[in-house]
Visitor: 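Take this structure first; my questions come after.
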Amino acid sequence: MTRKQKRLAVIAGGVGFIVAAVLLVMFAFSQSVAYFYVPGDLSTVTVPPGTRIRLGGLVEAGSVKRGEGSTVTFTITDTIGTVPVTYTGILPDLFREGQGVVAEGAFVAGDPVFVADTVLAKHDETYMPKDVADRLKAQGVELSGKETVK
């Protein structure tokens with residue numbers, strides 16, 4: 001093998017390594033993406049069971065029910081649609097009915113209940129996540145005007 005051929009082999013190997021690394025990073029990012037929906041979106045979009053999503057909206061009044069242990073069921077609404085949610089774990093201190101919430105998790109095959117593994121609540125009385133506020137406004141929900149959209 002000539003000197004020139006050795007250099008080309010080293011360059012080709014380096015380029016191959018970089019391409020492989022980029023593909024691995026892209027694959028990792030695609031696996032960690034969680035799309036954001038509000039309940040009204042789910043009437044027009046089919047989310048395959050097991051697909052990780054974020055579901056945002058308001059905790060429907062009168063819907064919070066405490067089960068055995070740390071299991072809680074509640075309903076997320078955007079006033080156009082509602083989605084029943086079950087969560088096992090400790091809820092944030094600021095979680096309550098009528099407040100903004102984002103739940104992360106997935107639907108299970110054959111069950112309309114969203115199984116959340118993470119629940120995020122607003123951090124004070126005048127904040128609502130921008131994604132939630134934008135989607136609620138797009139659905140025609142009137143917000144009080146006090147929300148700080150960040």
Side-chain angles (χ1 to χ4, degrees), residues 11-150:
I11 291 172
V15 169
F17 175 76
I18 291 171
V19 168
V22 167
L23 289 174
L24 283 173
V25 168
M26 289 173 59
F27 177 75
F29 279 133
S30 72
Q31 296 300 307
S32 66
V33 170
Y35 293 100
F36 181 83
Y37 296 96
V38 293
D41 293 342
L42 298 177
S43 63
T44 60
V45 175
T46 302
V47 178
T51 301
R52 186 165 180 77
I53 65 168
R54 287 182 173 182
L55 180 63
L58 304 172
V59 178
E60 189 171 52
S63 70
V64 178
K65 309 249 184 310
R66 308 234 179 235
E68 291 187 28
S70 58
T71 300
V72 179
T73 60
F74 57 95
T75 303
I76 295 179
T77 184
D78 61 356
T79 70
I80 294 177
T82 60
V83 175
V85 178
T86 185
Y87 173 71
T88 301
I90 299 172
L91 288 167
D93 290 338
L94 297 172
F95 176 88
R96 61 184 56 91
E97 295 175 354
Q99 301 296 322
V101 67
V102 175
E104 295 181 34
F107 287 100
V108 178
D111 193 352
V113 177
F114 183 75
V115 179
D117 54 32
T118 305
V119 174
L120 307 169
K122 65 189 191 88
H123 67 76
D124 70 20
E125 64 193 39
T126 60
Y127 173 82
M128 181 177 292
K130 182 173 177 21
D131 287 346
V132 174
D134 290 346
R135 290 294 184 97
L136 290 173
K137 287 178 185 175
Q139 297 286 346
V141 176
E142 294 208 20
L143 300 175
S144 68
K146 296 188 315 184
E147 294 83 1
T148 303
V149 181
K150 295 185 179 184

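Keep in mind that this is a model prediction, so the values were computed, not measured.
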Visitor: Go through Phe95 and Val119 one step at a time and tell me if the side chain to side chain contact (heavy atoms under 4.5 Å, CB included) criterion holds.
Guide: CA-CA 9 Å; Phe95 176 88; Val119 174; 4.0 Å; yes

Visitor: Side-chain donor-acceptor pairs under 3.5 Å in residues 83-94, sequence neighbours left out?
Guide:
residue : atom : partner : partner atom : Å
Tyr87   : OH   : Ile90   : O            : 3.4
Thr88   : OG1  : Thr71   : OG1          : 3.1

Visitor: Applying salt bridge (Lys or Arg N to Asp or Glu O under 4.0 Å) as the test, list every pair that has at least one member in residues 37-51; sequence neighbours left out.
Guide: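 Those involving residues 37-51 are Asp41-Arg135.
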
Visitor: Can you name the residues that form a side-chain contact (heavy atoms from CB on, under 4.5 Å) with Ser63, not counting sequence neighbours?
Guide: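 Checked Ser63 against side-chain contact (heavy atoms from CB on, under 4.5 Å); matches are Val59, Glu60, Phe74, Thr75.
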
Visitor: Is there a side-chain contact between Glu104 and Asp117 in this structure, where contact means two heavy atoms from C-beta onward sitting under 4.5 Å apart?
Guide: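 Result yes, sub-4.5 Å side-chain heavy-atom pair found.
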
Visitor: Just grab all the salt bridge (Lys or Arg N to Asp or Glu O under 4.0 Å) pairs involving residues 73-82, residues at least two apart or on different chains.
Guide: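 Output for this query is empty, none listed.
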
Visitor: With sequence neighbours excluded, what pairs up with Asp111 under the salt bridge (Lys or Arg N to Asp or Glu O under 4.0 Å) test?
Guide: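 By the salt bridge (Lys or Arg N to Asp or Glu O under 4.0 Å) rule, Asp111 matches no residue at all.
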
Visitor: Measuring from Tyr37:OH to Leu42:CG, what's the distance to the nearest 0.5 Å?
Guide: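 Reported to 0.5 Å precision, the distance equals 7.5 Å.
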
Visitor: How long is the gap from CG on Leu55 to CD1 on Ile76, to the nearest 0.5 Å?
Guide: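 Interatomic distance, Leu55 CG to Ile76 CD1, rounded to 0.5 Å: 4.0 Å.
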
Visitor: Looking only at non-hydrogen atoms, find the nearest pair between Gly56 and Pro39 and report the distance.
Guide: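 Heavy atoms only, the tightest pair is O-CD, 3.3 Å.
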
Visitor: Using the test ring pair (Phe, Tyr, Trp, His ring centres under 6.0 Å), find all partners of Phe107 that sit at least two apart in sequence or belong to another chain.
Guide: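 Once residues adjacent in sequence are excluded, the partners of Phe107 under the ring pair (Phe, Tyr, Trp, His ring centres under 6.0 Å) criterion are Phe114.
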
